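Every chain is numbered from 1 and lettered A, B, ... according to where its sequence line falls, protein lines coming before strand lines. Quantities reported herein were computed from a predicted structural model and do not represent experimental measurements.
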Amino acid sequence: MDPANFTQIGPVMWRIEPTGAMRVPAIIFADEELIRGMDDRVALQACNVATLPGIVSASFAMPDAHWGYGFPIGGVAAFDPEKGGVVSAGGVGFDISCGVRTMLTSLSVKDILPVQEALAESLFRQIPAGAGSRGKITLDDAEMEAMLVGGARWAVEQGWGEERDLERIEEGGRMEDARPHYVSDRAKNRQRREMGTLGSGNHYLEVQAVEQIFDEEAAAAYGLRPDGVVVTIHCGSRGLGHQIGSEFLKEMASTAPEAGIILPDRELACAPIKSELGERYLGAMRAGINCALANREILGDLSRRVFGHHFPGTRLDLLFDVSHNTCKPETHEVDGKRRELFVHRKGATRSLGAGNPSLPRAFHAVGQPVLIGGSMGTSSYVLAGEPTSEEKAFSSACHGAGRAMSRHAALKQWSGRQIVDELAARGILVRSPSDRGVAEEAPGAYKDVEAVVLAAERAGLARRVARMRPLICIKG
DNA sequence: ATGTTC
C-alpha cells in the first residue's frame, strides 16, 4: 500500500477518513515499511468493516495485518448491541478461538541439544498433526456436550491437564454462555476424534530457547530467563470451528438483506447481536471457543508426557493461553463513558495493561502476556500488554508476524524439503506430515517479526519482554 | 483455517 493514501496521525498510526458507507474511520498501526509491504486489500477490508452497523470508534488493523476472509487478519472492531451492532462469522474467522499457549520448562538449551533429535521424533509421534489428523480420544454425545460447555476445565477434569493451568487461560479456561445445542451434529461429528490434534496450516508446536530479555521485571513475573526453554502451541477449534463458521456464514449471508444490512462484501456476512440468529451464532461460537481451549489443554498434556519421558521429573508450567479469533462481550470506555461492546479480534489478541482487574494476580503489576508467534525459522516474542492499548484499540495487539506472501506464491518459490534442510543447518529441527505445508509456511513468506513487534511497542499496544528462537518445530 | 470442492 502507498502511505500517501493515508493520513499519518502518529509515528506508527495511519487514518483513513470515513467515505461512502463508512460509519467510522479505519486506523492502521504500522511503520511506513510495513504499510508498503501490505496488500491494498488490507485497507479495503478495514474500510469495509467500518461500514457495518453499530461499529464503535474505528475499524483497526494491527501491524501484522494481511488480507483475510472478509475482515483483515489482524483486524479489531467493536460493536454496540444497543445501536444495531452486529456479530460476523467471517469477522471471527473459520478457526474459532485459534490461539497460542506458551509453557515454561525448568530446562536450559544445553539440556535439549543432546536429545534434540529424539525429542523432535517423540513430539512428532505423540502430537497428531496435519489436515484430518485424529487423536486417541473419541467423544460420545455426552462427552461432546460437556467439552463444549466446559472448555479447558473439562479437559482438566478428565485428567488431561492441571487445575493450576486454568487461571492462566483466558476466561479461566471456560467461556460462559456456550450453547452446544446450536452447534450442528455435523460440526460435532467432525470433532469427535479431533481433540488433542494440531491441525494444519499455520498451526504448530515449537520448543523454543529464550534468547533475549527486554524487560527484566516482566520477564521475572512471567518466569522467562535467558537460555531457558519454553514450549509454544498454536492451534484452534479444528473441524468443529470450521463447520460452525461455514454454516453460520451461509445463513448470515442469506438473511442479512432482510435484517436491513447492506454488505460491501459477502464475506462480511453478519447478524445483529440482538437477533435470534446473532444469539444462536454467539452460543455456538462460545462452544467453539471451549473446543479450542480444551484442545490446547490436551495438547499441553501430551507435551508434558513427552517431556516427562525425556526429562523425568520436569514440569511444564503454563505461562498463558490466549485466543486470536474471537468475538467477546467486554466493557470499554469510549469518550468517557463505559459501554458494553462486542469486540471482534481476528488474528489479534487481547492486550491488558498492568492494573487491569481481570488479570491473574501474577500479571497484575506488569500486564498480560501477549504471545507473538513468528514463523518457523524466525523469532517469536512475548510482549506485555500496555494500559494505553485500551484507548488505542480496545486493549488489543498483534498476534504474529503476519503473512507477507500468499500460500500459492510461497509454493512457487520454495520446496518443503529445501526449507527443512536449511533450517536443520541452523539448528532448527522441523517435523511435518506435509512438505507442501512446510513450503507454504516458509519463513520468507512472513513479514519481519522484529518490525511488527517494534511497531506494536511504538504504538503503545504492548511492550517487548522476551525474544525466543526455535529449536524444534512440529508443523501441521 | 478446512475430512484443502457436500
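To the nearest angstrom, P of B:dT2 lies 18 Å from CD of A:Glu267. Between the CG atom of A:Leu249 and the P atom of B:dC6 there is a distance of 16 Å, given to the nearest Å. The separation between A:Glu247 atom CD and B:dT2 atom P is 16 Å, rounded to whole Å. With rounding to whole Å, A:Glu194 atom CD is found 11 Å from B:dT4 atom P. Note: CD1 (A:Ile96) to P (B:dT2) measures 12 Å, nearest angstrom. Atom-to-atom, CG of A:Asp95 to P of B:dT4 comes out at 15 Å; the value is rounded to the nearest Å. Put simply, CZ on A:Phe94 is 12 Å from P on B:dT2, counting in whole angstrom units. Nucleotide B:dT4 holds its C1' atom 14 Å from the CD atom of A:Gln243, rounded to whole Å.
Using a 4.0 Å heavy-atom cutoff across all strands shown, A:Gly93 reaches no nucleic acid atom at all. A:Arg186 comes within 4.0 angstrom of a nucleotide base, judged by non-hydrogen atoms across all strands.
Relative to the side chain of A:Ala131, the nucleotides B:dC6, B:dT4, B:dT2 differ in distance, and B:dT4 lies closest.
Classified by interplanar angle (parallel below 30°, tilted 30° to 60°, perpendicular above 60°), the ring pair A:Trp14/A:Phe6 is perpendicular.
In this structure, A:Arg403 satisfies the cation-pi test against A:Tyr446, with its NZ or CZ atom closer than 6.0 Å to the six-membered ring centre and inside 45 degrees of the ring normal.
The distance between the ring centers of A:Tyr182 and A:Tyr281 does not fall below 6.0 angstrom.
Mapped onto DNA chain B by nearest heavy atom, A:Ser434 and A:His242 fall at different nucleotides, with A:His242 at the one closer to the 5' end.
Look at A:Ser200 and you'll find a side-chain N or O under 4.0 angstrom from OP1 or OP2 of B:dT2.
Minimum interatomic distance between A:Gly347 and A:Asn325 (heavy atoms only, all atoms of both residues): N-OD1, 2.9 Å.
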